[in-house]
Undergrad: 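Starting off with a structure, shown below.
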Amino acid sequence: MAEVKIEKTFEESLVELEGIVKELEAGNVDLDKAIEKYSEAMKLAKTCSDKLNNATEKVNQILKENGTLEDFEIEE
């Protein structure tokens, strides 16, 4: 059976990232495990960053009356 990969939400990724950071900061992890944890933390950080950038782009657009998206600009 093919494994279905379910993408984590931003919040789930952030909670997991925080848990890894706390675990590494505690210093109770052997070197090999710490390297694995660090690698996973970097992947989670990139995922969170990508999601934040995507959200920022969406927030910077507004929905026009005809239903299309356009860049938001402040008129002075």
Undergrad: Could you check whether atom OH of Tyr38 has more than 12 heavy atoms from other residues, nucleotides or ligands sitting under 6.0 Å from it?
TA: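 For Tyr38, atom OH is not crowded (no more than 12 foreign heavy atoms under 6.0 Å).
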Undergrad: To the nearest 0.5 Å, how far apart are OG in Ser39 and CG in Leu44?
TA: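 Ser39 atom OG to Leu44 atom CG measures 9.5 Å (nearest 0.5 Å).
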Undergrad: Could you list the residues that satisfy salt bridge (charged side-chain N to carboxylate O under 4.0 Å, His left out) with Lys43, not counting sequence neighbours?
TA: none
Undergrad: Which heavy-atom pair separates Ala41 from Leu17 by the least distance, and what is that distance?
TA: O-CD1, 3.4 Å
Undergrad: Considering residues at least two apart in sequence or located in another chain, which fulfil the side-chain contact (heavy atoms from CB on, under 4.5 Å) criterion with Val29?
TA: Glu23, Lys33, Ala34
Undergrad: Can you tell me how far CD of Glu11 sits from OG of Ser13, rounded to the nearest 0.5 angstrom?
TA: 9.0 Å
Undergrad: Under the rule for salt bridge (charged side-chain N to carboxylate O under 4.0 Å, His left out), what residues qualify as partners of Glu12, not counting sequence neighbours?
TA: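 For Glu12, no residue satisfies salt bridge (charged side-chain N to carboxylate O under 4.0 Å, His left out) once neighbours in sequence are set aside.
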Undergrad: Please identify each residue that fulfils side-chain contact (heavy atoms from CB on, under 4.5 Å) with Glu18, with sequence neighbours left out.
TA: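 side-chain contact (heavy atoms from CB on, under 4.5 Å) list for Glu18, sorted by chain: Leu14.
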Undergrad: Quick one: salt bridge (charged side-chain N to carboxylate O under 4.0 Å, His left out) partners of Glu7, sequence neighbours excluded?
TA: Lys51
Undergrad: In the hydrophobic clustering (ILVMFWY, side-chain contacts below 4.5 Å, transitive), which residues join Ile35, or is it alone?
TA: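 Leu31, all in the cluster of Ile35.
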Undergrad: What residues, two or more places apart in sequence or in another chain, satisfy side-chain contact (heavy atoms from CB on, under 4.5 Å) together with Asp32?
TA: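 For Asp32, the residues satisfying side-chain contact (heavy atoms from CB on, under 4.5 Å) (neighbours in sequence not counted) are Asp30.
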Undergrad: I'd like to check the side-chain contact (heavy atoms from CB on, under 4.5 Å) partners of Lys46; sequence neighbours left out, ordered by chain and number.
TA: Asp50
Undergrad: So Glu40 and Ile20, do their side chains get closer than 4.5 Å, heavy atoms only?
TA: yes
